[in-house]
Every structure is written in structure tokens, then in C-alpha cells.
Number of protein chains: 2
Amino acid sequence: MSKTYSISELASEFDVTTRSIRFYEDQELLHPSRRGQTRIYSSKDRVRLKLTLRGKRLGFSLAEIRELFELWDETRSGSEKQLHLMLSKISERKAALEQQMKDITMVQLELESAEIRCRQALEELNEKHPATSK
Amino acid sequence: MSKTYSISELASEFDVTTRSIRFYEDQELLHPSRRGQTRIYSSKDRVRLKLTLRGKRLGFSLAEIRELFELWDETRSGSEKQLHLMLSKISERKAALEQQMKDITMVQLELESAEIRCRQALEELNEKHPATSK
DNA sequence: AAACAAGTTTACGTTAACGTAAAGCTGCGA
DNA sequence: TCGCAGCTTTACGTTAACGTAAACTTGTTT
């Protein structure tokens, strides 16, 4: 009997609304079981939620995330065709992530130089209008 | 007289629609001048478009990108208060980017192991059902 | 028994970022 | 002068990812 979670437990742990979690289920990203009408989330569901949120932070749509989940699940029983499809999807994603890495590096550089420019402007201000002792 | 661009030149260079470019102007991300009623884009506009698209790939909203542009412009003539605000915004962005870097690294690892699992499944298939000579 | 907390379904509303006509000006090569 | 390519404005439509409200069940605390 591995651990299970209620919807509000997951909601507060990952700081999302229960509405979102139910929506993700609607989009077939999560598949909680039920006790009566109440949803019960397994640790697999928890992992999926975590992955979903991570994917979102990276700009993936829910549809894309779902696609990756499905491909992953099909891998075990996949035909050769399916497996090759999966591999190509994977390398697709890899390329996108590498592009994103580059983008981040560029923006970080720009932020660096912006910060320097900012600090210089501050210094110039302090020369003309020096600080009140202290 | 530095170089200028038409809207369709920029559109094809960056592979976006003219509709998007006009929309970005509407959101005050670009400020092209006019000759008659026709828009003329400076190289500054071009840079801004490039930065905009990069920001989008990183999941920034147009409003956020605009905010950064405005802060950047205000830096030259900024008061001490403005400059400190800018610095805090910058470090905010930096933190977000670092989080994204971590996310990307995690997903890359997951994709790696998915790829390995995929290749193993393929090998197992080929053992049971070996390739037709060649 | 009453009320409260936590869950549920159903369904309409909202925002961002464009897409997609429709209708009109403008220079210019045949 | 015609027509076309490229630009313009205006405006309504669309999709994703939820927000928000209403009305209901279910368990448990007072």
C-alpha cells in the first residue's frame, strides 16, 4: 500500500488550485482512482503533476505534455514503429530544450549588462549627490 | 542613415506574421516610424523584435517583456528609486531563469533515460524477431 | 439535529495572443 | 488606365488554461 494523497494535499504541496488539478485530469494528464466520488491520487499521479508543472514552466502546452506521457506509457508495449516515433519525439524535445538553453544564456548575459549599467548609473548619481555621511 | 526594414522583411526574417508584428506594436513593444501610412522599422525595432521572440520562447508574456523594455529605457534617466526597482526586477528575472535552467536539466535527464529505455526495447524486439539479413 | 469542512459536478466567464476576413489606399509596370 | 502587390485599419473569431459561481453529497464535529 504505497502512499496516497487528497486533492487538497497535492494542491497545497505544489501551490496550484484544485480546479487546475481537476482540469489536468480532464486533459488526461492525471488518472486518480476513486473512493466513492472522492479522488485519490497515487504517488505516480504526484510525479505526473510535478512533471506537468515543470513542463509548464518550460512553456510546453498541456497537450504536448500529455503526448509525452502517452508515448512514455506506450514504450513498454510499443511496436517498432511506435518506438521510433518516440525516439524522434524525444530528439525533437531535446533540440527545443537546447534552443531554450541558448536563449536563457543570452538573456542572462543581457541581464548582466543591464545590471552593470544600472549600478554605474547609481554611482554617477552618488557622485553628484553624495550620501549623507553614515 | 542606418538601415531600415519593411514589415514583411522582418516577418520573413523572423518567421512571424505581419499580424503579430502589428500586434506587438499595439502592445507597445515596437515603435516604428511612418512614411505616409507605411511602417518603417529601425534596427532598434529589429533588435526589440528579436528580444521579444526570445522572451516568448522562454515563456515570458508580452506584458512582462514590455515591462523589461520600459525599465531598460528608464535606466538612462532613472531616479535612484527607479534604478533600485530595475535592479530588483533584474534579480527577479535572474532567479526565474536559474529555475528554468534547472527544469531543463531535469527534463533533459528524463529524456535521456527515456531514450535509453526506448533503445533497449528496440533491441529486445530485434532479438526475438531478428532483422532480415542485410 | 445542525452546521461545518472538504469534496463533487456543471457550466458560464475571462485573458492572452494572435487568426482571419473585409474593405480601402498607393505606387508602378504593362 | 488597369490591375496587382503590398501596405493599411477595423473588427469579429478562436484557443488554451484556467477562474468563479451555484448547487449538491458526504463525513464529522458540536
Side-chain angles (χ1 to χ4, degrees), chain A residues 3-42 45-46 48-70 93 96 100 103 107, chain B residues 3-42 45-46 48-70 93 96 100 103 107:
Chain A
K3 200 180 175 192
T4 64
Y5 308 84
S6 76
I7 192 168
S8 52
E9 276 173 351
L10 289 185
S12 75
E13 174 174 1
F14 293 107
D15 196 32
V16 294
T17 64
T18 58
R19 175 67 176 93
S20 296
I21 294 181
R22 291 197 195 95
F23 183 74
Y24 296 156
E25 179 180 354
D26 209 59
Q27 304 300 302
E28 306 196 67
L29 295 174
L30 305 175
H31 304 285
S33 55
R34 302 269 179 148
R35 188 170 50 203
Q37 70 172 356
T38 302
R39 274 165 256 250
I40 300 185
Y41 296 88
S42 68
D45 289 315
R46 208 193 82 124
R48 289 222 159 179
L49 179 54
K50 184 189 276 190
L51 291 175
T52 298
L53 298 176
R54 188 138 69 201
K56 285 206 59 186
R57 286 199 299 271
L58 294 180
F60 292 128
S61 72
L62 297 184
E64 287 170 320
I65 294 168
R66 174 189 168 179
E67 189 190 20
L68 283 176
F69 283 168
E70 284 178 355
R93 292 295 161 215
Q100 258 193 305
D103 286 337
V107 174
Chain B
K3 199 179 177 192
T4 63
Y5 308 83
S6 76
I7 192 168
S8 52
E9 276 173 351
L10 289 185
S12 75
E13 174 174 0
F14 293 107
D15 196 33
V16 294
T17 65
T18 59
R19 175 69 176 91
S20 296
I21 295 181
R22 292 197 195 94
F23 184 73
Y24 297 156
E25 178 181 353
D26 209 58
Q27 304 300 302
E28 305 196 68
L29 295 174
L30 305 176
H31 304 283
S33 56
R34 301 269 179 147
R35 188 171 50 202
Q37 70 171 356
T38 303
R39 274 166 255 249
I40 301 185
Y41 296 87
S42 67
D45 289 316
R46 208 191 82 124
R48 289 223 160 178
L49 179 54
K50 184 189 277 189
L51 290 176
T52 298
L53 298 175
R54 187 138 71 201
K56 284 205 60 186
R57 287 199 298 271
L58 295 180
F60 292 127
S61 71
L62 297 185
E64 287 170 319
I65 295 169
R66 174 188 168 181
E67 189 189 21
L68 283 176
F69 283 168
E70 285 178 355
R93 292 295 161 214
Q100 258 193 304
D103 285 337
V107 174

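Letters go in sequence order (proteins before strands), and every chain restarts at 1.
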Measure CZ/A/Arg57 against C1'/D/dA17 and give the value in whole Å, please. 17 Å
Any side-chain heavy atom of B/Asp45 within less than 4.5 Å of one from B/Tyr5? no
Just wondering, do A/Pro32 and A/Ile40 contact through their side chains at under 4.5 Å, heavy atoms? no
May I ask you to test the A/Phe69-A/Thr52 pair for a side-chain heavy-atom distance under 4.5 Å? yes
For A/Arg93, enumerate each residue passing the side chain to side chain donor-acceptor pair (under 3.5 Å) test, keeping only those at least two apart in sequence or located in another chain. none
So does A/Ser6 get a side-chain nitrogen or oxygen closer than 4.0 Å to the phosphate oxygens (OP1/OP2) of C/dA6? no
Between B/Ile65 and B/Lys56, what is the shortest heavy-atom contact and its length? CD1-N, 3.9 Å
Validation row: B/Arg46, B/Phe14 side chains within 4.5 angstrom (heavy atoms): yes
Decide, yes or no, whether a salt bridge links A/Glu70 with A/Arg48 under the criterion of side-chain N to carboxylate O below 4.0 Å. no
What parts of residues 11-29 of chain A reach DNA chain D, counting only heavy atoms under 4.0 Å away? A/Thr17, A/Arg19, A/Ser20, A/Phe23, A/Tyr24
Ignoring backbone atoms, test whether A/Lys56 places a side-chain nitrogen or oxygen under 4.0 Å from the OP1 or OP2 oxygen of D/dC18. yes
Strictly distance-based, threshold 3.5 Å: is any side-chain N or O of B/Ser8 a donor or acceptor partner for the main-chain N or O of B/Ala11? no
Donor-acceptor contact present, side-chain B/Gln27 to main-chain B/Ala63, <3.5 Å: no
For DNA chain C, which residues of residues 58-66 of chain B approach it to below 4.0 angstrom with any heavy atom? B/Ser61, B/Leu62
Stretch residues 33-41 of chain A: residues that reach within less than 4.0 Å of DNA chain C through a heavy atom: A/Arg34, A/Gln37, A/Thr38, A/Arg39
Can you list the steps and then say if B/Phe23 with B/Leu62 is a side chain to side chain contact (heavy atoms under 4.5 Å, CB included)? CA-CA 10 Å; B/Phe23 184 73; B/Leu62 297 185; 3.6 Å; yes
Partner of B/Glu25 by salt bridge (charged side-chain N to carboxylate O under 4.0 Å, His left out), out of B/Arg34, B/Arg19, B/Arg66: B/Arg34
What residues, two or more places apart in sequence or in another chain, satisfy salt bridge (Lys or Arg N to Asp or Glu O under 4.0 Å) together with A/Arg35? none
Send over the distance from A/Glu67 CD to D/dA16 P, rounded to a whole Å. 14 Å
Find the bend of the helix from C/dA1-D/dT30 to C/dA30-D/dT1 as the angle between its two terminal axes (five pairs each), to the nearest 10°. 20°
Within this structure, what is the OG1-CG distance for the pair B/Thr4 and B/Leu10, rounded to the nearest 0.5 Å? 9.5 Å
